[in-house]
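Read the numbers this way: they start at 1 and go in the same order the structure lists the ligands and their atoms.
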Amino acid sequence: MTKSILTLTLVVLAGTVQGQGSYETWHGPGPNDSRGPCPMLNTLSNHDFLPHDGRNFNLSTVKNALKNALNFSEDLGSFLHGQALATNPNGTTWGLDTLSTHNILEHDASLTRADNFWSNDAVTFNATVFNQTRSWWTADLIDLQMVANARLGRLLDSAKYNRDFSISDLATSFSAGEGAAYLMVFANNGNRSEGLSRKDLVTYLFENERLPLELGWNTPSPAITKEELLTNIHRVVNATVYKPELFE
Ligand code: HEM
Ligand code: MG
């Protein structure tokens, strides 16, 4: 009896110290926790893969979280950490709080957030914006063209209606990266070579900021590398073609 209590205590303590998070753990943000414009990173904090308070992430925290939750390679984890540091000039850490600064990585024409012109809230999911996005996902499986169309559709909408609209080169390629990311992480049957992602999984993530395990999602395998991300970013950019009959 005493032994089993001791074992249990040690297991609980180990979990607390490592703070590794798990697929089973999920709790939304409390009043003092920070969340940001990235639905996936918010999700990883909700699962405790990233610190639940959403602040002060360092390189090893980020690499471990992306590896343990999503099977991202070390080189991809380091690369993304490097990009995120731009939101905390002179710092060695960043957080969901620093990511929201407008026009560094956070940009207009998001898939699920209103533009800065309409609201300076880049954190809250916006159903009207998301309805626009998903109108471009015209089948249960989202293909590369639908990813590109959804991104371009949102960009054109912002250019047309938001008189403060601007987007940097960095944010432009970052937004292609966001499309590439959901295409890869939610690949149909986990098979990334087909280039199809499950709309129900992507929608679940956006709406719940929770990994869609209950819908049958599994950890990506093999590991997602920086090279694979960059290849898919190029694919999204190359598939971005303005066709008046589609967009007007
Ligand atoms: C959006 C950062 C990892 C998917 C964003 C945004 C930032 C960001 C700043 C907001 C851009 C905007 O204004 O819309 C990061 C960083 C990451 C990371 C620094 C890693 C360290 C991921 C991963 C995924 C992902 C692993 C996988 C699915 C997305 C998507 C959006 C997004 C789909 C678009 C949301 C929207 O437009 O409403 N990310 N992200 N991100 N991120 Fe992440
Ligand atoms: Mg945005």
Side-chain angles (χ1 to χ4, degrees), residues 35-45 49-50 54 57-59 61-73 76-88 93-130 132-134 137 142 147 150-151 153-155 158 162 165-168 170-187 192 197-198 201-207 209 211-212 217 219-220 223-224 226 228-229 232-233 236:
R35 290 295 178 267
C38 175
M40 180 55 91
L41 296 179
N42 290 346
T43 298
L44 298 190
S45 279
F49 284 109
L50 285 168
F57 305 162
N58 62 29
L59 175 62
T61 310
V62 173
K63 276 200 305 201
N64 287 334
L66 293 174
K67 170 81 194 155
N68 294 335
L70 303 174
N71 200 12
F72 276 20
S73 69
L76 181 52
S78 303
F79 171 70
L80 292 171
H81 171 75
Q83 302 258 300
L85 279 179
T87 63
N88 186 19
T93 64
W94 56 278
L96 304 180
D97 48 349
T98 67
L99 285 186
S100 291
T101 310
H102 184 52
N103 273 344
I104 302 180
L105 296 181
E106 191 288 312
H107 55 78
D108 283 337
S110 296
L111 304 175
T112 66
R113 301 324 196 230
D115 282 7
N116 191 258
F117 177 69
W118 307 112
S119 146
N120 67 0
D121 175 5
V123 176
T124 309
F125 173 86
N126 182 305
T128 310
V129 171
F130 182 52
Q132 215 183 84
T133 297
R134 68 169 152 197
W137 298 338
I142 305 173
V147 170
R151 170 172 170 268
R154 290 288 303 128
L155 285 165
S158 290
N162 169 0
F165 174 68
S166 70
I167 186 163
S168 68
L170 174 61
T172 306
S173 82
F174 211 84
S175 84
E178 293 151 16
Y182 74 76
L183 198 56
M184 293 186 298
V185 171
F186 300 108
R192 306 202 292 277
S197 75
R198 271 177 60 182
L201 301 184
V202 181
T203 303
Y204 181 99
L205 178 97
F206 282 166
E207 290 181 343
E209 300 203 331
L211 290 168
W217 176 82
T219 322
I224 299 178
K226 179 182 171 190
E228 185 177 341
L229 174 66
N232 280 301
I233 289 178
V236 172

Q: Answer with side chain, backbone, both or neither: which part of Asp108 has a heavy atom less than 4.0 angstrom from an atom of ligand 1?
A: neither

Q.
At less than 4.0 angstrom from any non-hydrogen atom of Leu70, what atoms of ligand 1 do you find?
A. 26 (C)

Q. In the protein, which heavy atom is nearest to atom 13 (O) of ligand 1, and how far is it?
A. His107 N, 2.8 Å

Q. Can you tell me how far the CG atom of Leu85 sits from the CD1 atom of Ile104, to the nearest 0.5 Å?
A. 11.5 Å

Q: Mark yes or no for whether Ser158, through its side chain, and Leu155, through its backbone, hold a donor-acceptor pair below 3.5 Å.
A: no

Q | Nearest-contact summary for atom 21 (C) of ligand 1 - protein heavy atom, Å | A | Leu80 CB, 3.5 Å

Q | Check: Tyr182 ring centre within less than 6.0 Å of Trp217 ring centre | A | no

Q) Is it true that some N/O/S atom of His107, main chain or side chain, lies under 2.8 Å from the Mg ion (ligand 2)? A) yes

Q: Distance to 0.1 Å, residue and atom name: give those for the protein heavy atom nearest to atom 32 (C) of ligand 1.
A: Glu178 CG, 3.4 Å

**Q.** N or O contact, His81 vs ligand 1, cut-off under 3.5 Å
**A.** no

Q) If only atom types and distance count, is the side chain of Asp108 paired as donor or acceptor with the main-chain N or O of Asp115 below 3.5 Å? A) no

Q) Nearest to atom 26 (C) of ligand 1 by heavy atom, Phe186, Tyr182, Phe79, Phe72: which? A) Phe72

Q. Should Leu211 and Leu70 be marked as a side-chain contact (heavy atoms from CB on, under 4.5 Å) after you check the CA-CA gap, both sets of side-chain angles, and the distance that decides it?
A. CA-CA 10 Å; Leu211 290 168; Leu70 303 174; 4.2 Å; yes

Q | Nearest non-hydrogen protein atom, atom 10 (C) of ligand 1 | A | Pro37 CB, 3.6 Å

Q: Give the contacting part of Thr87 toward ligand 1: side chain, backbone, both or neither, where contact means a heavy-atom distance below 4.0 Å.
A: neither

Q. Counting heavy atoms only, which part of Met40 comes closer than 4.0 Å to ligand 1: side chain, backbone, both or neither?
A. side chain

Q | 4.0 Å heavy-atom contact, Pro39 with ligand 1 | A | yes

Q. For atom 14 (O) of ligand 1, what's the nearest protein heavy atom and its distance?
A. Ser110 OG, 2.5 Å

Q. Taking the side chain as C-beta and beyond, is there a heavy-atom pair between Leu205 and Met40 under 4.5 Å?
A. yes

Q) Is it true that a side-chain atom of Ser45 and a backbone atom of Asn42 form a donor plus acceptor pair closer than 3.5 Å? A) no

Q. Which protein non-hydrogen atom lies closest to atom 9 (C) of ligand 1, naming both residue and atom, and how far is it?
A. Leu105 CB, 3.7 Å

Q) So, the side chain of Arg154 versus the backbone of Gln132: is there a donor-acceptor pair under 3.5 Å, distance only? A) no

Q) Which word best sums up how the rings of His81 and Trp94 line up, parallel for under 30°, tilted for 30 to 60°, or perpendicular for over 60°? A) tilted

Q | Arg113 side chain to Ala122 backbone, donor-acceptor under 3.5 Å | A | yes

Q.
Taking the basic N atoms (NZ, or NE/NH1/NH2) and the acidic carboxylate oxygens, is any pair closer than 4.0 Å for Arg192 and Glu228?
A. yes

Q.
Does the residue Phe130 have a heavy-atom contact with ligand 1, meaning some pair of atoms that are separated by less than 4.0 Å?
A. no

Q: Measure the distances from the heavy atoms of Gln83 to every atom of ligand 1 and state whether one is below 4.0 angstrom.
A: no

Q | Presence of N, O or S from Ser110 under 2.8 Å of the Mg ion (ligand 2) | A | yes

Q.
For Gly77 versus Val62, what's the shortest heavy-atom pair and its separation?
A. O-CG1, 4.1 Å

Q) Which protein non-hydrogen atom lies closest to atom 42 (N) of ligand 1, naming both residue and atom, and how far is it? A) Cys38 SG, 3.2 Å

Q) Do any nitrogen or oxygen atoms of Leu111 come within less than 3.5 Å of a nitrogen or oxygen of ligand 1? A) yes

Q. Does the N or O separation between Glu106 and ligand 1 drop below 3.5 Å for any pair?
A. yes

Q.
Give me the residue, atom name and distance of the protein heavy atom closest to atom 27 (C) of ligand 1.
A. Ala181 CB, 3.6 Å

